[in-house]
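What you see below is based on every heavy atom in this structure, not just the backbone, and it leaves out hydrogens, waters and symmetry mates. Protein chains get the first letters and strands the later ones, always in sequence-line order, with residue 1 at the start of each.
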2 protein chains.
Amino acid sequence: MTGMNSAPQAAAHKPAPLSKQRLRLWLQMLKATRHIESRLRENMRNSYATTLPRFDVLAMLDRVPEGLKMSELSSRLMVSNGNVTGIIDRLVNDGLVVRVPIEGDRRATLVRLTQKGRETFTEMAATHEAWVDELFAPLSNDDIDCAIDMLARLRGKDE
Amino acid sequence: MTGMNSAPQAAAHKPAPLSKQRLRLWLQMLKATRHIESRLRENMRNSYATTLPRFDVLAMLDRVPEGLKMSELSSRLMVSNGNVTGIIDRLVNDGLVVRVPIEGDRRATLVRLTQKGRETFTEMAATHEAWVDELFAPLSNDDIDCAIDMLARLRGKDE
DNA sequence: GTTAAATATTTTATATATGAAACAAATGCG
DNA sequence: CGCATTTGTTTCATATATAAAATATTTAAC
């Protein structure tokens, strides 16, 4: 078949390489994120005998001293309601957070860090930041700014 | 900027804003990845009544017609051994893959797509690519190339 | 005010996910 | 050969994750 058929792309009904490149980016992004998550998880487990989701919850609560409702936690962390229930149950069990009734609305409860929870988190957070610092060392300052901007656009937060 | 700036932080024992910026990037990356994953999962569920991990396994098997060992699957997908066992069990149950004995090594088994599995995957893959195409539309061609390069460096694949 | 609709959380069923232990089979070594 | 080690997978216990159903309360309609 020497002819002109299959010419490079001709009139082209190909999926356009752009879509392949987007797919490739997505797969790389997934792989990189999983890689970093697994490193952080391993560190969390070895250094503090805890998990990443628990750390994420503590981090969110640390930012809001007055506490958060279950639904606020689940929407901010982008995980389901039922999931948060289980994680909070275990954190309560460990004495790191408490459930506080909301006066005027007996449906909802506020979840708040205990003193122990705040202290525990503070210590973990510094170490966690150092881990991230190291994992992201291969990127330059400009890389980072550029990436943050891209990610924001990806989530439709253009302004 | 006049001369020897760097003054701003003085003698500074501060965590250096760079480390905060890295942390910020990590959190954004996690958030964006989760956002996209949840969109894709929702689509998978609504359109094909299946899950993303199952799709990922099919995708990997589709690339290797002769099949993959359980351990190869788990390392390529970056998930644990035990996890793969469960996912394959269900895919076998649905007739999408088969476990094939390896002659000469009765410890291991090869997992291979069935005809039905290959057909099912082919159809899903095209739709999946379209979903990704749409989700990544906000990024330009240059953005994408730049991001892929960054992600590779992040995973230490410099060459 | 009693019921209907909306809100907030938990429960349930199931699928992912891990790490460790159990098992089975292959390999290496004396 | 006989046995310790290694390799490949599954099993186990547990944690995370979802979606959907069940519960409990509040708010809104009428």
Main chain of A:G95, side chain of A:T114: is a donor-acceptor contact present, judged purely on distance under 3.5 Å? yes
Range on DNA chain C touched by chain B, heavy atoms, distance below 4.0 Å: C:dA15 to C:dA26
Taking only residues two or more places apart in sequence, or in another chain, which ones meet A:F121 in a ring-ring contact (aromatic ring centres under 6.0 Å, His included)? A:F55
Taking all non-hydrogen atoms of both residues, which atom of A:C146 and which atom of B:C146 are closest, and how far apart? SG-SG, 4.1 Å
Can you check the A:M78 CE to D:dT16 P distance for me, whole Å? 18 Å
Tell me yes or no: between the side chains of A:Y48 and A:T127, is some donor less than 3.5 Å from an acceptor? yes
Decide, yes or no, whether a salt bridge links B:D56 with A:R34 under the criterion of side-chain N to carboxylate O below 4.0 Å. yes
Tell me: CD of A:E103 to C1' of D:dT26, nearest whole Å? 16 Å
For B:L77, which of B:I87, B:N83, B:V57 qualifies under side chain to side chain contact (heavy atoms under 4.5 Å, CB included)? B:V57
Interatomic distance where CZ belongs to A:R106 and P belongs to D:dT27 [whole Å]: 11 Å
Flag if over 12 foreign heavy atoms under 6.0 Å of CZ, A:R99: yes
Does any residue of residues 43-66 of chain A have a heavy atom under 4.0 Å from DNA chain D, and if so, which ones, in number order? A:T51, A:P53, A:R54
Linking Ile, Leu, Val, Met, Phe, Trp and Tyr through side-chain heavy atoms less than 4.5 Å apart, which residues share a cluster with A:V98? A:V100, A:I102, A:L110
When you check every protein heavy atom under 4.0 Å of nucleotides 6-13 of chain D, what one-letter string (B, S, -) results, 5' to 3'? -BSBBB--
Between A:R22 and B:E129, is a salt bridge (charged side-chain N to carboxylate O under 4.0 Å, His left out) present by the stated rule, with each step listed? CA-CA 9 Å; A:R22 283 170 173 152; B:E129 186 173 321; over 6 Å; no
Using residues 61-73 of chain A as the side-chain source, report each donor-acceptor pair under 3.5 Å to any protein atom, sequence neighbours left out, with the distance given to one decimal.
| from | atom 1 | to | atom 2 | distance (Å) |
| --- | --- | --- | --- | --- |
| A:D62 | OD1 | A:R118 | NH1 | 3.2 |
| A:E72 | OE1 | A:K69 | N | 2.8 |

Taking for B:E42 and for A:R90 the nucleotide of DNA chain D with the nearest heavy atom, the one nearer the 5' end belongs to A:R90
